[in-house]
Amino acid sequence: MQKPFDPIFLPLLLCRNGVFAGDGTKACKLRHESASQRKVLEQLEPLAHRNLSVVVTEEKGNYTYVFQLCGDAGGVPNAGVIQKKTGSQDKPTIIGLYTSTEAIGGSDWVMLRYYDGEKYDEHCSHEDRRAIIMISCNKNKEAGDLEAILEDSERPKDCFYLFELDSSAVCPPVQSQLSAGSIILIIGFCLVAVYLIGGFLYQRLIVGAKGMEQFPNYAFWVEVGNLSADGCDFVCRSKNREEAPAYRGVSADALDEEPEERDDHLLPM
């Protein structure tokens with residue numbers, strides 16, 4: 001009879017299969033610990049815990065390269081980049097370890113280096129393998145396809161494997177093009193629109209107003225308009241308020257007096 005599965009072993013099983021997220025980029029150990037390199041690694045956090053692979057066809061056969069940022073590539077402990085021959089039962093070749101990392105960053109790129117891989121058999125003075133991963137900005141891809149550019153193993157020393165990868169993680173943050181004044185104007189227009197639409201609906205649906213009375217606070221705004229017009233007329237008027245008399249030498253007071261009736265000629269002589 002099969003024993004029931006004990007849930008206590010579930011975390012152990014998940015860890016063994018690499019399902020747990022771990023510490024992300026903190027799992028990478030820098031060859032020379034520095035705040036600047038650690039900041040570059042933190043920028044690559046969206047790429048953590050992803051196995052990215054590429055198949056390369058060579059004269060000796062097809063080889064699969066697997067890269068993982070600060071994690072076990074292909075399940076190989078401490079391996080950041082591995083190489084495995086297609087169809088072969090041999091164990092993968094470790095190209096570089098994420099426990100021996102260097103990270104250099106620019107405005108829209110990051111160069112990641114994994115050192116202390118397995119030694120070359122015949123090339124490069126039997127030195128340790130190392131991998132260089134160039135990660136370039138691509139705003140449309142969080143993690144693009146891994147590309148194997150070259151294996152430079154013909155020199156006597158400092159050989160390396162070069163890979164390229166596109167990712168939006170290394171893109172510079174998009175800065176807002178709106179100034180503070182533009183933002184204030186947009187907020188003001190939005191508030192005015194809410195006031196007009198909300199007031200119109202209230203006057204029409206709740207109060208039952210018709211015509212111009214549907215405008216919110218119609219009487220108030222009419223009064224404001226009249227007062228503004230009067231103030232503008234008072235300040236900007238260019239001519240004198242009093243009209244000039246029609247004839248020279250006659251004052252305005254004289255014109256306002258009523259003419260005295262002369263009826264002396266009607267009296268008897």
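The first residue of the sequence shown is numbered 1, and numbering continues consecutively from there. Any value given below was found using the heavy atoms of this structure, including those in side chains, with hydrogens, waters and symmetry copies removed.
Rounded to the nearest 0.5 angstrom, R130 CZ and I95 CD1 are separated by 13.0 Å. To the nearest 0.5 Å, atoms CG (L52) and CD (E147) are separated by 12.0 Å. One finds the NZ atom of K84 at 13.5 Å from the CG atom of N62 (value rounded to the nearest 0.5 Å). To the nearest 0.5 Å, atom OG of residue S168 and atom CG of residue D108 are 12.5 Å apart. Here the straight-line distance linking atom CZ of R31 with atom OG1 of T99 works out to 10.5 Å at 0.5 Å rounding.
Residues P46 and E142 come closest through the heavy atom pair CB-OE2, 3.6 Å.
Put simply, the residue from I135, V81, L150 that forms a side chain to side chain contact (heavy atoms under 4.5 Å, CB included) with F163 is V81.
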(request) I would like to know whether E102 and H32 meet side-chain contact (heavy atoms from CB on, under 4.5 Å); could you show each step before the answer? (result) CA-CA 8 Å; E102 281 186 358; H32 306 286; 4.3 Å; yes
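Side-chain contact of T25 with E45: a donor-acceptor pair under 3.5 Å is present, judged by distance alone. For the 3.5 Å distance criterion, the side chains of Y63 and E58 fail to qualify, holding no donor opposite an acceptor. For the residue pair S100 and D116, a side-chain donor N or O sits within less than 3.5 Å of a side-chain acceptor on the partner.
A salt bridge is absent between D158 and R155; no separation between the charged side-chain nitrogens and carboxylate oxygens falls under 4.0 Å.
For the side chain to side chain donor-acceptor pair (under 3.5 Å) test, residues two or more places apart in sequence or in another chain that qualify with D128 are K119.
Ring planes of Y161 and Y120: parallel class, angle under 30° (limits at 30 and 60°).
The stretch residues 203-218 participates, sequence neighbours left out, in these side-chain hydrogen bond (donor to acceptor under 3.5 Å, both in side chains) pairs: Y195-N217, R204-Q214.
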